[in-house]
Number of protein chains: 2
Amino acid sequence: MIKRSRPKDEILRILSVPDHHPTTEEIFAEVKSLLPDTGIATVYRNLEKLTSSGMIIKLERGSGSSRYDGNLVKHDHCVCKICGKTSDVWLNHGLGDKDLSDVVPGFEVSDYTLEFFGVCGECAKRKKN
Amino acid sequence: MIKRSRPKDEILRILSVPDHHPTTEEIFAEVKSLLPDTGIATVYRNLEKLTSSGMIIKLERGSGSSRYDGNLVKHDHCVCKICGKTSDVWLNHGLGDKDLSDVVPGFEVSDYTLEFFGVCGECAKRKKN
DNA sequence: GTCTCTGCAAATTGTTTGCAAACTG
DNA sequence: CAGTTTGCAAACAATTTGCAGAGAC
């Protein structure tokens, strides 16, 4: 059974901002600014609990701190290779409707992740100068 | 300038096996079985060098050791949520042909990753018993 | 009251780095 | 021989865990 707590409420509030995909470190910093004696372990434990109970989505990063998404409606993301900034992408590629179960023979597929990699607007501008 | 070496050659040989996506640890174990005094750092350094020179592809895993792919032809993967086994997926979703540059406005997209998650045949069988 | 959640510190995991010696072209 | 690569050990970064006390239902 999952109980409420101040840190958990704050995390959910932070992740309710549209198109916002903060890293664990960023979430920790924001929670700590409001609840100063929050430990990083609490943030990790809450993010894990919320993810496994399906209330938020974990965006696993290859390197660096994981990011999280509070929007449960299926969509994709684009990730800046330079600063790591992650934004929502709403593309109709048809995968969302497709019956994933027979996409791969002999594999019970239940979900997918589509990520675009590139350079975000700010980093592109910075590179020019 | 990138020079050849026994460990590097072994890594490339291991990754030339079709539909084989070993983790760093697995690659290390296989190289070490042939070249017993290979250090793990050598494997990491070679994988990084081969990846950045475009000779192999790194499959970043959210958790656990990264996997690598020696097949440079663009394709997708499916990943077993239980054992981590990763297999090639050749699907014509049209993304490969699409001009990625205008998939996301204000974002210079240069590449994408599509991964399916589910349960592989072996793990499905094991779960039944 | 019971079971979950918390802060803290220590432990783990996957990866990277500094160094002097060995190897490659 | 100049520049790259190696093994080793130590350093790192992100995350997880053990514990005793505080908090939620």
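Labels below follow one simple rule: chain letters A, B, ... track the order of the sequence lines, proteins then strands, and each chain is numbered from 1.
- Position along DNA chain C of the nearest nucleotide to Ala41(A) versus Lys49(A) favours Lys49(A) as the more 5'-ward residue.
- Note on Ser66(B): every side-chain N or O is 4.0 Å or more away from OP1 and OP2 of dG14(C).
- Applying side-chain contact (heavy atoms from CB on, under 4.5 Å) to Phe116(B) and the options Asp111(A), Val103(A), Thr113(A) leaves one that passes, Val103(A).
- Contact check, Ser63(B) against dG14(C): no side-chain N or O comes under 4.0 Å of OP1 or OP2.
- The CD1-P distance, from Ile27(A) to dT15(D), rounds to 10 Å in whole Å.
- Both Glu48(B) and Lys8(A) lie near DNA chain C, and the one whose nearest nucleotide falls closer to the 5' end is Lys8(A).
- When the C1' atom of dT15(C) is taken as reference, atom CZ of Arg61(A) falls 16 Å away, rounded to whole Å.
- Side-chain contact check for Asp69(B) and His20(B): no donor-acceptor pair (N or O, by modelled atom type) lies under 3.5 Å.
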- Task: Would you please test Ile56(B) and Leu12(B) for side chain to side chain contact (heavy atoms under 4.5 Å, CB included) and show each step?
- Result: CA-CA 8 Å; Ile56(B) 62 175; Leu12(B) 284 171; 4.0 Å; yes
- Message: Go through it in stages, so that I can follow the logic: the residues are Arg126(B) and Glu122(B), the test is salt bridge (charged side-chain N to carboxylate O under 4.0 Å, His left out), and I'd like the CA-CA distance, side-chain angles, deciding distance and then a yes or no.
- Response: CA-CA 6 Å; Arg126(B) 195 177 313 123; Glu122(B) 278 116 79; 5.8 Å; no
- Message: Protein within reach of the bases, or only the backbone? For nucleotides 19-25 of chain D, mark each nucleotide 5' to 3' as B, S or -, using heavy atoms under 4.0 Å.
- Response: B---BBS
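- In this structure, Ile40(A) atom CD1 and dT16(D) atom P are separated by 11 Å, rounded to whole Å.
- Side-chain N/O atoms of Ser110(A) and Lys81(B) include a donor and acceptor closer than 3.5 Å.
- The distance from atom CG of Leu35(B) to atom C1' of dA22(C) is 15 Å, rounded to the nearest whole Å.
- Between the NZ atom of Lys58(A) and the P atom of dT15(D) there is a distance of 6 Å, rounded to whole Å.
- Checked against dT6(D), dG14(C), dG7(D), the side chain of Pro7(B) finds its nearest nucleotide in dT6(D).
- OP1 or OP2 of dT16(D) has not a single side-chain nitrogen or oxygen of Tyr44(A) nearer than 4.0 Å.
- With respect to Arg45(B) and Glu48(B), no salt bridge is recorded, no charged nitrogen being found less than 4.0 Å from a carboxylate O.
- Protein atom NZ of Lys32(A) is 14 Å distant from nucleotide atom P of dT6(C), rounded to whole Å.
- Cation-pi contact between Lys74(A) and Tyr112(A): present, with separation from the ring centre below 6.0 Å and deviation from the ring axis of at most 45°.
- Phosphate contact (OP1/OP2 of dT15(D), side-chain N/O of Ser65(A), threshold under 4.0 Å): present.
- When rounded to the nearest whole Å, the span between CG of Leu47(A) and P of dT6(C) equals 11 Å.
- The side chain of Asn46(B) contributes no N or O atom lying less than 4.0 Å from OP1 or OP2 of dT4(D).
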